[in-house]
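Everything on this sheet refers to the single structure shown next.
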Amino acid sequence: VATAAVGAWTVSAVPDTGRRRDYGDYISLAETFPAVPDEAWQPFRERYRAFFPVADHWLDGRRCWLLQGHATTILVDAGQGPAAGRLIGSLAALGIQPDDIDLVFLTHLDLDHTGWALTEHGVPRFPRARYAVARAEWDHAATPAARMRYERWGAYLDERVLPLARLDILDLVAGGDEVATGVSVLAAPGHTPGHCALLVTDGDAKLLLAADAFHHPAQITEHGWTSIYDDDAAGASATRRRLTSMAAREGLLVSATHFPGPAFGRVVVEGGKTYWKPT
Ligand SMILES: [Zn+2]
């Protein structure tokens, strides 16, 4: 498991990969990024060989993050759930049991980020934790019109997410809020309307947990390459541009949910363009 020290925080990238246990899933580039012509991928194939297991597919890694510090244990995102994910086993390998978690921060409410929020009996999978999500995301997901967007891969909101509100353990937050010492919410809309990143700061050490603002490292360079998973192409592009320039300018350590390993990297500038550089 890859870890990063951010001052007093230790941040672990916790694998939640799916069918291909060690790597994640192979997904067609053409299906994921229908507007991007195949030849446009070529420079990225050469630069990021490990991200292209076969030439016309990308490798979808899946991870959550564990933050330990300031006598607090935070889980960022709740994975794919028992059907596909292995988050709980990955936490156990780190010596973490579900009742060790104080806060579950959900970057957004897609199925692959909320799968372990509640058990099949509708009780919290992390029994001592409070749960936090952006109010914009919560309100959107609760509207009937949004349901199709979230439930493309199966119904889950009514049983596995929305009951959080009735359990009196949910905190609705907004960009700029601090959810723990040095852990602040960054509104990063576009993928979903209320999608959020987290910025972990301790003195000069800074880490951006970008969640699904980026699905492929090529998007660190090509901000306008929108995947079929993004709700709002223009908003998602603007978020990628903003996060990328902030990461380059401030030398942030960066991690994204769906990049296969290495889990942490930085944004570097070469020839006037920004690129992902795994650490
Ligand atoms: Zn995702």
Side-chain angles (χ1 to χ4, degrees), residues 13-21 23-29 31-34 51 57-66 75-88 90 104-118 125 131-134 136-138 140-141 146-157 160-161 185-198 208-220 223 225-233 235-237 239-240 243 254-261 263-265 276:
V14 187
D16 185 41
T17 51
R19 290 189 293 276
R20 292 169 200 264
R21 226 174 129 262
Y23 301 104
D25 291 327
Y26 296 7
I27 303 181
S28 157
L29 287 167
E31 284 172 20
T32 311
F33 298 93
F51 290 74
H57 282 61
W58 63 289
L59 183 56
D60 177 22
R62 312 250 171 121
R63 67 174 55 84
C64 304
W65 297 280
L66 184 75
L75 179 66
V76 180
D77 281 339
Q80 303 169 91
R86 59 187 181 109
L87 170 66
I88 301 298
S90 294
V104 178
F105 181 83
L106 302 172
T107 61
H108 62 298
L109 296 178
D110 271 345
L111 175 63
D112 59 322
H113 297 254
T114 57
W116 295 99
L118 297 172
R125 189 70 182 79
Y131 288 65
V133 64
E137 181 72 2
W138 187 267
H140 180 72
R147 185 160 295 260
M148 284 289 284
R149 155 68 179 79
Y150 288 95
E151 298 199 326
R152 282 178 293 184
W153 291 285
Y156 66 97
L157 286 172
R160 293 298 185 96
V161 177
V185 179
L186 271 183
H191 175 60
T192 60
H195 178 269
C196 285
L198 281 182
L208 173 67
L209 301 178
D212 282 15
F214 308 90
H215 286 82
H216 193 284
Q219 293 175 297
I220 299 274
H223 307 124
W225 288 10
T226 298
S227 81
I228 56 166
Y229 312 121
D230 290 341
D231 258 12
D232 166 14
S237 299
T239 287
R240 282 191 284 274
L243 294 183
V254 179
S255 189
T257 302
H258 292 281
F259 290 8
F264 297 98
W276 172 246

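For this chain, numbers begin at 1 and follow the sequence in order. This one's a predicted model, so the numbers in the text were calculated from it and none came from an experiment. Both ligands and their constituent atoms are indexed starting at 1 by order of listing.
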### Message
Show, in sequence, the C-alpha distance, side-chain angles and deciding distance for Asp16 and Arg86, and conclude whether the salt bridge (Lys or Arg N to Asp or Glu O under 4.0 Å) test is met.
### Response
CA-CA 5 Å; Asp16 185 41; Arg86 59 187 181 109; over 6 Å; no
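Here the Zn ion (ligand 1) is the vertex; the NE2 atom in His113 and the OD2 atom in Asp112 give an angle of 90° (to 10°).
For the 3.5 Å distance criterion, the side chains of Asp77 and Thr107 qualify, holding a donor opposite an acceptor.
Of the residues listed (His191, His195, His258), the one engaging His113 in a ring pair (Phe, Tyr, Trp, His ring centres under 6.0 Å) is His258, and it is the only one.
Per residue Asp212, closest N, O or S atom to the Zn ion (ligand 1): atom name OD2.
Under a 4.0 Å N-O distance rule, the pair Arg152/Asp110 does not qualify as a salt bridge.
At least one N/O/S atom of His258, from backbone or side chain, sits under 2.8 Å from the Zn ion (ligand 1).
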